[in-house]
Structure formats: C-alpha cells, structure tokens
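Let me begin by presenting the structure, written as structure tokens, before commenting on it.
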Number of protein chains: 2
Amino acid sequence: MPITIADVAARAGVSKTTVSRVLNGRGELDAATEARVRRVIDELGYVPSARAVSLARGRTGVIGMLVPSLTWPWTGQVLQGAVDTVESGKYGLMLFTCNQGDGSMRQFASQVDAKAFDGLLVIEPEGTLDYITELHAAGLPVVLIDDRESRPQFPSVATTNRAGGRQAALHLLELGRRRPLVVSGTPGFGCVTERTEGFTEAFAEAGFPVPAEALLDGDFTLESGRAAVARAVAGGVEFDALFAHNDLSAAGAMQALGEAGRVVPRDVAVVGFDDVDLAALTTPPLTTVRQPLREMGVLAARMLLARLAGEPFPTEPVVIPTDFVVRGSTAPQA
Amino acid sequence: MPITIADVAARAGVSKTTVSRVLNGRGELDAATEARVRRVIDELGYVPSARAVSLARGRTGVIGMLVPSLTWPWTGQVLQGAVDTVESGKYGLMLFTCNQGDGSMRQFASQVDAKAFDGLLVIEPEGTLDYITELHAAGLPVVLIDDRESRPQFPSVATTNRAGGRQAALHLLELGRRRPLVVSGTPGFGCVTERTEGFTEAFAEAGFPVPAEALLDGDFTLESGRAAVARAVAGGVEFDALFAHNDLSAAGAMQALGEAGRVVPRDVAVVGFDDVDLAALTTPPLTTVRQPLREMGVLAARMLLARLAGEPFPTEPVVIPTDFVVRGSTAPQA
DNA sequence: CTGAAAGCGCTTACAG
DNA sequence: CTGAAAGCGCTTACAG
C-alpha cells in the first residue's frame, strides 16, 4: 500500500538507483530524466521511508536531548531553542529526561546502545556526567549545555556564571549591602561553584568576605529557597542581602523573608539568576542575572549539527555572556 | 566495528534466526541454547540496532508529540507526563513544536510522511486541527490533549473546562461579585469556548448575565491579560471580578489592575486557570482552576501505547476533572 | 548518464 | 527445537 522507491522507478521507467540520485541530488542526470522522475514523485506523493534511509545510510537523522526535568521553568527555553534549530537542520529531536531516576537512565542508555540517534545534547543531569563523558569518549558527538568548568575537554555551551555572580555582588555592594546570604543550587554542578565563587570573590575583594555560615546549599527548588532562609533566620545569621542561584529559589526565599517579617528590599535586597518569566512577577519584581537560555539551546544544537555535517567541534567552550536585570527587589533605599 | 546479530550468532554457534528468537522471546528454544546465546550477548554487550529493527518490523518504536510552544508554563507538565509514560513503554519520544509557524509544520509533515513515528500525541496547535484530523483519518494513531468538543470522534484526553468555568463563577457569586470581566484564551480553541460558556451560564442562571462588553479576547499571554484590563478600564466597563482563561494572563491582568489603582481582591476578585507554579507566587496568590496537566499527559500517552499494542481506542473522550484552588486573590472582604 | 547487484542489520514465514 | 532464505526500503560502489 505505501509507495516505495520501486513504485516510482517502475512508473518513471528508470532504475531505483536513478530515483535515488534524483532524491539526493547526486551524480549527473539527464535533465529530462530528472524532470520525469520528479513528476512521478509528485504524482505519487512519494516520500522516502525514514526507517529505510537510516538503515542504508547508517545514520538516523535524529538528535537526542537529555534534560533533567521539564518542569523546571527554564528548561522550556533551552529546549525551544534546540528544537527550532534541530528542526531547521532537517533532523528530529528525541527527548529524554531523568525524571524517573535510574529507570530513566536505563531507558536512555538502551536507546544510546541501539544507536537511536546520531548526536546528543545534554543539560547536565545531576550525577550522570561520568556516563556522558564515556559516551563522548566512545565516539558519540555530544554537546553539553551549561556546566562549564567541570570538564574543559568537553564540547559545551556555557554562560558566564562567574561573571554573573560577580555582577550580582557588585550591584549589592553598590547599594551598601555588606552581609549577603547565598542560597546556592545543587552542590556539584559546575555552574553552582562558579556563581558562588564569582559572588564571594567580589565581596572579599571589597573587604567584606562572606562567612561560611552565610553560604547555604539549596537545590534550585522554590522550597530550598524557603528552607535556606528559615535555617539562616533560626540560626541567627545576620544578613541584609540575598543572592540565590536561580529565580525559583529566590522566589521561595522572598516568601520565607516575608513570613519572617523581613521587608524586601528594605531589610534584605534580593538577586536571583535566570530571568525566567516568574522573575518579573514576584513582589517586588526580582532583580536577576539573565541567562541567555534560548540562545544557548540554539548554539548547542548548531554546534552539534555542524559536527554531524563533518565540521570539527570548537576546542574551547563557547560562552554566551549573562545580562543583569535590575528590578524592585534591589531598589535603593532612601 | 559495531557488533551485529551475525557476530553473536557466529560466536554462539547458532543461526541469526535463533539469536533473534532469544532476543524477542519467540518460539520454543532449547534452554541450553538460549543460555549460551544470552551469555554471548552479555559478553559482547550486544544491543540490536534500532534502525535495522524498525525497518524489519515496519515500526519505529517512536511516538511523535506536537506541542504549540515549550515556553508556555504548563506545556512542561503535560510533556513530562507523556515522556515518563512513553519511556516506561520502551518507546522514544520525538518532539515537534509549531514555534516557527509554517516552516515548523512543513518539517513536521515531512517527518510524518517519512513515517518517522508510529503514533502521535498532540496538544492542539492553533489552526492545525484539520491537518491532524487528516492524519488520523489516514490511519495514524493520534491522541489529542485538551481540545475536547471540537471533534468528538477524535480520541482525546480532556479536562472539565466547562465545569471549571462554572466552578470559578459559583465561587465569585458566593463572594457576592456580580459584574465579572472575562479574559479568554485564543478564540477558536475548544477549551476557550467551554470555559467561557461554563462561566457565563452560571452567572446567567444566578440572574446576572455577563454583558458582551465584559467578554474580552486574549491569547493566553501575560501581555494579553494586561491589555484586556487596560481596554476594559479605558472603555469604562465596570467590574468587581475577573476570570482569566489561564494563570499567566491572570497575572498580567493583576499587574494592570494594580497600575489602574484597583486593589485585588478588595476591588476585583481574580480567578485564573491551570494552577501553574506561578499561581502561588503572585501577589496576592492566585485562586485558580487546577488542570490535571501531568495526568493528562500520562493518560494520553497510555492510550496511545495501548493502541499501538493492539487495543482499541476508547470511543469517548477521556475526561479528568479540574480542581478548584482558593487563594488570596479571592479572599472574602469583611 | 544509467543500471544491476550487494549491502545496511534485523525479522519472519517456510521447512525440516 | 533450529536454520536457510527472502524481505523490509533504501544507498552505494562498481560497471558500462
């Protein structure tokens, strides 16, 4: 029932080889022959089967993308950038998440082993970097998004986490804040280390080193922001500013501050990271370090596509700088 | 270099047929033979090539999913539910969006024609329902998410949009509100019609029909919520309540209300739709109709997987009811 | 400029 | 219980 290249060949009175040549634009073809074959293709509405093409060519035409969770507010932006780019490169995008823990990774691994895609885009999922590194070493083209300095030999797209942390610090210092609380993201992520370092270095250089008790581990969730503030307040830590590693935990922190009777920005000036939609909607609106999320997705996908087209990977991580967006949560106090 | 079924067969001293039988658990096999083949498979780390399997079997093992945009805050939830389910069904999920308009749809269509997936999950993208209907009619198993009453013959997962609209209305009526403004989603979507109808019917039944001037078209964006309120205020429309078709436009509406000097909930009680994370974080927190987003993704994927496993589709749309979440934006006034 | 044939790596009747 | 052979629908040397 479904028409194949053989049907086209028969109807056009040529060999399958010739039809294939027309399809792929390879070799010199008689113009009349080519026109005739094209006409038949149109008449029949023939489209080559992706299954057969991929087996014959030894490539799938699919790019895999592994993402930690789709419910994080910024994942959508990166993903959208990647999907758009992959799509215009005539590839398909196969999506995987680590949402179900080990089960997910097993499923993902089985698709890798089955060679279900030609290249991989990864937003580093907690604790799988070693596995991804193996894949890369085994020859699967991989581009990592975000986690920059942990494996410099890895093709990756990053943003200026360290500079972003520094921007946040300089802004708070300028406002006269001297005792910041830092609510970090999940420990172990390269971006987490960098953001904290950029931030604390700037404070230290200004003569106000951040004490260890003011550095609190979070995990990028709303709840972790709340919990960190609650812990700090309960522990008697004094602070007049707060830097969170993402907007979501900053929003959680602001809620907890409100519950603790601290007014933002009067008592505590708050800076987040990411600039997701939510940031403009908190009360007060959140000052934040803007990550070029969509752009990172686009660039990572472009690098991978270029690689699959035969070009070499860049040897250095590609870095897209962060922006700084000032809003009400750090409004200067009269 | 990559090992094939032939390598396994040779090393185990059996035919490829036998290896295939072990792999797929088909036919009676001598226990010793099977054990030997399994051992060789393990030793060699052999995994069948997805490309070859799909060509031989005539199926891809992939499910396509078409989504309007990944940057809408609720898409992630539905998608996550679908991905998790598809994954545990041993299928892959190929993601498509309509983000680039016609170009996207062309790319999507070419993958459909190439039979790059066995079944399709769709969150109805504006204006492509006819095309999807064709695909369904042409034999591609399709499950639609959300847009319920526009094509009753379509396998779909929906939620109680009409009942949700009614819940919102009854809640506002109970609070003594009589002149609601409705900020609808993109016109033409089935859910939009239903939400408005459920809402206006309840008001009419209570003796307070909603005038046409209070029904404003939006498009689910933050900006459309702002714009609608601005229009109503400028037009002199009087209102003491607002029902928005999603949380994002409700948030936009609340911003515009603030700018217009109207206090929520004192002057205007606001109800949204969806219950995305954002809803709990607006000021005041947003009362909203909760959609079972993740559950809808899970169920739609299950229906499709069951269908691909040979079971028939349910003949009726499957409906998961909405919930109603009361928060500060409709707090009773003393 | 064009075609016959082999091959991609599996599955599946068909035989035994 | 097991295997030889054909077939899935293309691409790609190899010949002419």
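Proteins come first, then strands; the chains are lettered A, B, ... in the order of their sequence lines, and each starts at number 1.
Within the structure, the side-chain hydrogen bond (donor to acceptor under 3.5 Å, both in side chains) test picks out the following pairs touching residues 75-85 of chain B (sequence neighbours left out): A/Thr97-B/Gln80, A/Asn99-B/Asp84, B/Gln80-B/Asp84, B/Asp84-B/Arg294.
Per the geometry, CD1 belonging to A/Ile5 stands 18 Å off P belonging to D/dG7, to the nearest Å. Between the CD1 atom of B/Ile3 and the P atom of C/dG9 there is a distance of 12 Å, given to the nearest Å. Put simply, CD on A/Glu28 is 16 Å from P on C/dG3, counting in whole angstrom units. Across the protein-nucleic acid pair, A/Arg21 atom CZ and C/dA4 atom P stand 12 Å apart, rounded to whole Å.
Looking at A/Arg39 and A/Glu43, no side-chain N of the basic residue comes within less than 4.0 Å of a carboxylate O on the acidic one, giving no salt bridge.
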Run the numbers on A/Arg51 and B/Thr60 for side-chain contact (heavy atoms from CB on, under 4.5 Å), then give the verdict.
-> CA-CA 7 Å; A/Arg51 295 192 307 262; B/Thr60 58; 3.8 Å; yes
Could you check A/Thr128 against A/Val122 for side-chain contact (heavy atoms from CB on, under 4.5 Å), going step by step and ending with a plain yes or no?
-> CA-CA 10 Å; A/Thr128 50; A/Val122 187; 5.7 Å; no
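Every residue meeting the side chain to side chain contact (heavy atoms under 4.5 Å, CB included) condition with A/Pro292, not counting sequence neighbours, appears here in chain and number order: A/Thr159, A/Arg290, A/Glu295, A/Met296, A/Ile320.
For DNA chain C, the stems formed by at least three consecutive Watson-Crick or G-U pairs, with both atom-pair distances below 3.5 Å, span C:1-3 with D:14-16, C:5-12 with D:5-12, C:14-16 with D:1-3.
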Show every donor-acceptor pair shorter than 3.5 Å between a side-chain atom in residues 101-108 of chain B and any protein atom, with sequence neighbours excluded, or say none if there are none.
residue: B/Ser104; atom: OG; partner: A/Glu87; partner atom: OE2; Å: 3.0
residue: B/Ser104; atom: OG; partner: B/Gln100; partner atom: N; Å: 2.7

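Sorted by residue number, the members of residues 37-58 of chain B with any non-hydrogen atom under 4.0 Å from DNA chain C read B/Tyr46, B/Pro48, B/Ser49, B/Ala52, B/Val53, B/Ala56, B/Arg57. Within residues 10-20 of chain B, the residues having any heavy atom under 4.0 Å from DNA chain D are, by residue number, B/Val14, B/Ser15, B/Thr17, B/Thr18.
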